[in-house]
Each structure stands twice: as C-alpha cells, then as structure tokens.
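Take a look at the structure set out below.
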Amino acid sequence: EVQLQESGPGLVKPSQSLSLTCSVTGYSITSNYWGWIRKFPGNKMEWMGYISYSGSTSYNPSLKSRISITRDTSKNQFFLQLNSVTTEDTATYYCARSILYWGQGVMVTVSS
Amino acid sequence: DVVMTQTPPSLSVAIGQSVSISCKSSQSLVYSDGKTYLHWLLQSPGRSPKRLIYQVSNLGSGVPDRFSGTGSQKDFTLKISRVEAEDLGVYYCAQTTHFPLTFGSGTKLEIK
C-alpha cells in the first residue's frame with residue numbers, strides 16, 4: 001500500500017523559505033508522478049507542482065518563480081521548497097501521488 | 001487556468017436523503033485522447049482528501065455505489081443517494097485535462 005508522510009516546520013517567518021519533506025513507502029518514486037497540493041483556510045485547494053519518475057518537474061505558473069521540487073531516490077523522498085513566503089502561503093500542505101494517494105498533510109503558518 | 005465553479009457551497013441533508021452537487025468548468029474537459037479527466041474527491045473532517053470518482057463516472061476502489069457521477073464537456077454532477085452519516089465533509093471536483101490541475105471551491109455537506 002502506498003503511504004505518504006509530510007514533515008517540516010509548522011511555522012515560517014515572512015520572507016523566509018518553506019521546506020517540506022514527503023517520505024513515501026510502499027511505492028518507488030522512480031515511478032509515476034509525485035506532487036504537492038495545498039489547502040488554504042476556507043477550503044480553496046491549489047496544485048503546486050510535481051516531480052516525475054524521471055526527475056523532471058512541472059510547476060503551477062502562479063508559483064513558478066518561488067517553487068522548487070526535488071527528490072532523493074535513495075531515501076524515496078521528495079521535497080518542496082517555497083521561497084519568499086508571505087502570510088498568504090499559510091495553508092495545509094499535502095504531498096500526493098496524482099490525486100489518488102495523499103499524505104495526512106502538514107499545517108504551515110507564515111507569521112513573524 | 002480552467003475555472004471550476006462548484007455549487008452549492010454548502011448543503012444540509014437528513015440521513016437517507018439524496019443530494020446533487022454541480023461542477024461547471026470554464027473550458028471543455030475532453031482531452032485529445034477523447035477521455036474526460038474530471039474527478040470528485042471528499043475530504044472528511046480531520047482526514048486527507050479521498051478520490052471518490054475518476055473520469056466523470058468511474059467509482060474509486062471501495063467507494064459505495066451510492067455515489068455516482070455524470071456529465072460531459074463542461075457540466076458535471078455528483079449524486080449521493082441515501083446519504084449516510086459518514087458522507088459528511090467537503091466535496092471537490094478537480095480537472096486534470098488542462099495544465100495546471102485545478103479544483104472546484106468545495107461543497108460542504110452537513111448532516112441534519
């Protein structure tokens with residue numbers, strides 16, 4: 001069974017970088033597509049981007065200048081980095097394999 | 001981006017009643033392969049989103065047949081027959097036909 005687990009700090013200061021890790025068990029990240037999706041307070045959901053089985057990436061144009069998704073295949077993990085965060089980046093962040101398998105989510109608050 | 005307009009924003013229903021949720025897209029969701037990549041998800045309280053229906057009308061694994069999806073082109077409907085207590089939560093439509101993936105604004109289902 002595929003399982004995903006997010007980890008990372010729950011509080012980030014404005015202008016700093018948000019960094020999250022997604023640890024995957026039960027499936028190799030060298031297959032399929034692995035992405036990040038966030039849910040803002042009030043239910044709005046936003047797809048942020050993905051890293052593919054080959055390591056290629058695709059990002060939501062709304063974030064393209066601030067986002068980076070990378071991976072460590074030896075640990076079966078992939079990572080999210082979002083730069084220059086503002087309070088508007090406060091959200092629950094999910095890692096997912098397509099929209100079928102989701103992590104439990106990690107709430108990240110951007111505040112000084 | 002494809003805008004997904006979901007209505008109503010909230011519903012309150014009694015156990016055993018049937019309900020429908022509408023999702024309309026700003027562009028046709030028929031992909032070049034002829035398939036329509038419109039999906040429905042449910043986020044139950046305290047849980048990660050779960051995919052209920054994929055490609056308009058296909059039930060996900062383990063999803064009861066009380067759930068059904070219909071529609072074509074730009075107009076889609078999720079129907080829940082004989083609502084049960086476990087159905088409460090926020091329902092989302094999502095499209096993966098066009099880049100980037102986009103979600104509807106959500107419909108919150110409450111049980112009377």
Side-chain angles (χ1 to χ4, degrees), chain A residues 1-8 20 22-27 32-52 56-69 80 82 91-108, chain B residues 1-11 21 23 25 29 31 35-56 58-63 69 76 78 88-110:
Chain A
E1 181 187 2
V2 182
Q3 293 190 338
L4 300 91
Q5 176 74 57
E6 305 89 348
S7 59
L20 298 175
C22 182
S23 300
V24 180
T25 57
Y27 201 94
N32 225 292
Y33 294 81
W34 306 86
W36 292 93
I37 296 166
R38 60 182 178 176
K39 180 179 177 180
F40 298 99
N43 289 340
K44 180 185 173 184
M45 299 268 274
E46 180 181 60
W47 174 80
M48 302 180 72
Y50 69 68
I51 187 163
S52 77
S56 64
T57 54
S58 180
Y59 302 131
N60 192 318
S62 68
L63 299 167
K64 195 164 187 178
S65 62
R66 297 198 293 137
I67 188 173
S68 175
I69 300 176
L80 170 69
L82 186 65
T92 297
Y93 287 75
Y94 297 93
C95 59
R97 197 199 91 182
S98 64
I99 55 169
L100 177 56
Y101 297 103
W102 297 67
Q104 66 182 29
V106 58
M107 186 179 299
V108 178
Chain B
D1 295 5
V2 175
V3 177
M4 307 294 286
T5 302
Q6 218 178 306
T7 56
S10 64
L11 284 170
I21 299 170
C23 178
S25 58
L29 299 185
Y31 190 56
K35 296 180 181 178
T36 301
Y37 294 93
L38 182 283
H39 321 285
W40 291 95
L41 303 95
L42 165 61
Q43 186 165 30
S44 302
R47 306 292 298 274
S48 303
K50 173 185 177 180
R51 192 190 70 178
L52 297 175
I53 288 175
Y54 63 97
Q55 292 176 37
V56 182
N58 298 287
L59 254 57
S61 175
V63 176
F76 305 91
L78 173 70
L88 71 94
V90 182
Y91 289 81
Y92 294 93
C93 58
Q95 67 82 22
T96 55
T97 297
H98 300 284
F99 179 85
L101 181 165
T102 50
F103 295 87
S105 51
T107 296
K108 186 174 184 178
L109 178 65
E110 297 177 329

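Within every chain, numbering begins at 1; the chains are lettered A, B, ... in the order of the sequence lines, protein sequences first and strands thereafter.
Residue B:Leu41 touches chain A through its side chain alone, counting heavy-atom pairs closer than 4.5 Å.
Chain A forms the most heavy-atom pairs under 4.5 Å with one residue out of B:Gly104, B:Gly106, B:Pro100, and that residue is B:Pro100.
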Donor-acceptor table for chain A and chain B, threshold 3.5 Å:
from: A:Lys39; atom 1: NZ; to: B:Gln43; atom 2: OE1; distance (Å): 2.6
from: A:Lys39; atom 1: NZ; to: B:Tyr92; atom 2: OH; distance (Å): 3.4
from: A:Asn43; atom 1: O; to: B:Tyr92; atom 2: OH; distance (Å): 2.7
from: A:Tyr94; atom 1: OH; to: B:Gln43; atom 2: NE2; distance (Å): 2.7
from: A:Gly103; atom 1: O; to: B:Ser48; atom 2: OG; distance (Å): 2.5

